[in-house]
2 protein chains.
Amino acid sequence: MARSVLAQQPHWKAFASRRRDPATKREAVLKTAAELFLEKSYGRTSLNDIAARLNITKPALYHYFHRKEEILLECYRWGTTLIEESLTEIASSSGTGLEKVAAFIYSYANVMTVNFGRCVMRLDEGDLSAQALEEVRNYKRKIDRRLRSFIQDGIRDGSVGPCDPKIAAFSIAGAVNWICMWYEPEGPLTGEEIASQFARTLTQGLARRRTEVSRRTAPPGPSAD
Amino acid sequence: MARSVLAQQPHWKAFASRRRDPATKREAVLKTAAELFLEKSYGRTSLNDIAARLNITKPALYHYFHRKEEILLECYRWGTTLIEESLTEIASSSGTGLEKVAAFIYSYANVMTVNFGRCVMRLDEGDLSAQALEEVRNYKRKIDRRLRSFIQDGIRDGSVGPCDPKIAAFSIAGAVNWICMWYEPEGPLTGEEIASQFARTLTQGLARRRTEVSRRTAPPGPSAD
DNA sequence: GATGTATCTTACCGCCGGGTAAGATTAGGC
DNA sequence: GCCTAATCTTACCCGGCGGTAAGATACATC
């Protein structure tokens with residue numbers, strides 16, 4: 001049980017010694033940066049803040065990164081890689097469209113409870129340079145396309161009821177993306193719990209059903225056909 | 001049809017004359033500020049930016065607001081008021097729980113396509129002072145409670161199928177909140193369209209059904225409970 | 001144990017942001 | 001038409017930030 005609370009040692013210990021180990025130090029910088037970006041946002045996090053938490057000084061950071069923005073971009077990259085990995089795995093698996101959607105939600109929600117994953121959706125893209133922005137946007141588009149194709153697979157094979165794949169994808173993606181806004185590692189719900197609950201709840205709405213819902217559930221106002 | 005594109009005159013015209021009309025000028029400041037905050041985020045929007053778009057200079061703004069943060073807070077207040085209004089109306093209406101949920105989603109989604117409404121959910125709370133933050137958080141809590149109570153009403157009266165109200169509310173709120181992240185006024189979808197589509201799609205998932213979904217839709221990994 | 005090199009620190013620069021002081025300009029009641 | 005008060009501008013201050021230069025320190029290799 002007991003989710004690892006302070007189980008893994010703080011990142012600043014990577015800088016306790018001056019031993020030459022750039023890789024793990026770079027990683028330590030990235031992890032504490034991600035922490036701070038999620039706590040205070042990128043804009044309000046100064047390089048001094050990051051350095052202070054690592055028990056070093058600002059210029060030391062420049063041994064591992066060229067610009068502040070590079071740190072941000074690396075956070076994005078780490079996160080998108082996490083997502084990418086689980087997604088290709090799902091896409092190559094066999095199963096109904098609905099099953100793929102469920103798997104997508106499950107693993108995607110899980111990523112949204114990991115710091116680097118949260119960064120991808122929670123941090124402000126406006127802080128990225130033009131070309132970095134394009135890179136990140138490409139990743140996101142790819143994710144969206146994947147989800148939408150899973151839904152369409154489901155419609156084809158009959159596991160998903162008739163619906164507009166675009167709106168459905170927006171709904172699901174929205175619900176899952178929003179996790180990174182309210183989730184906190186020390187909170188009552190673990191990542192696994194959230195992920196499996198969301199996968200169940202959200203696919204219920206998508207699954208094909210034999211009985212129709214009462215027509216009284218139509219929204220008020222002008223019904224868009 | 002043709003959604004009002006440049007239909008309403010630009011806000012800076014409020015400052016074209018020096019006529020004494022503080023109320024509408026204050027409003028003009030607020031509206032352009034909201035625009036800019038959504039375009040560039042609060043942090044990257046300088047008071048000079050706001051002033052420039054209004055064809056005035058920075059110190060002039062201090063005739064209408066004391067601090068920069070006050071502008072931000074007023075944007076939040078305007079938005080939460082919009083939400084609050086439609087919510088109390090729904091709560092006092094009669095209907096099944098599911099109908100109330102649908103009405104909630106519809107009007108809430110609509111607000112998420114209005115600049116001030118978008119501000120509430122899209123802007124970074126971290127830019128607010130401690131007490132302003134508490135004020136905004138209270139509003140948000142109230143909204144969440146309302147939605148959750150509608151869902152519970154639905155479970156009681158049988159219009160909503162059995163589910164965890166907390167998770168269901170998180171899903172719905174997430175999906176709808178996320179609208180403010182991808183919606184853009186000049187885009188292909190109008191606010192009404194989005195709102196009614198979301199109300200329909202999301203309530204489908206909630207509605208009580210007579211047949212169960214195939215058990216094969218369970219998520220992979222350790223199934224909670 | 002000396003040496004060269006990676007690592008880190010102290011000190012600094014330029015810039016831009018929020019905010020203020022003090023004075024010009026215009027509106028509008030009389 | 002004048003005078004007062006609201007309105008807006010020009011000029012400025014201070015602080016903090018990203019980033020750099022140059023020198024101190026400790027590691028690792030021989």
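The chains referred to below are lettered A, B, ... by the order of the sequence lines, with proteins before strands, and numbering in each begins at 1.
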B:Thr57 has a side chain; which of D:dT7, D:dT9, C:dG19 sits nearest to it?
D:dT9
In whole angstrom, give the distance that lies between atom CG of A:Leu47 and atom P of D:dG18.
4 Å
Quick one, A:Ser196 and A:Tyr106 - any side-chain contact, counting heavy atoms below 4.5 Å?
yes
A:Leu61 CG to C:dT7 C1', straight-line distance once rounded to whole Å:
13 Å
Can you see whether A:Tyr76 has A:Lys140 sitting over its ring - NZ or CZ less than 6.0 Å from the centre and within 45° of the normal?
no
Side chain of A:Pro59: nearest nucleotide among C:dG19, C:dA11, C:dA21?
C:dA11
Contact summary for A:Ser171 and B:Phe198, nearest pair of heavy atoms
OG-CE2, 3.6 Å
Rounded to whole Å, CG of A:Leu36 lies from P of D:dG18 at a distance of 12 Å
Candidates C:dT10, D:dC8, C:dC8 - which lies nearest the side chain of B:Tyr64
D:dC8
Please report, rounded to the nearest Å, how far the P atom of D:dC17 is from the OH atom of A:Tyr42.
13 Å
Does this structure show an ion pair linking B:Arg137 with B:Glu134, if we count only N-O contacts that are shorter than 4.0 Å?
no
Taking donor-acceptor contacts at under 3.5 Å, does the side chain of B:Lys68 reach the base of C:dG17?
no
Give a yes/no answer on whether the side chain of B:Tyr62 brings an N or O atom under 4.0 Å of OP1 or OP2 in C:dT20.
no
Interatomic distance where NZ belongs to B:Lys58 and P belongs to D:dT10 [whole Å]
13 Å
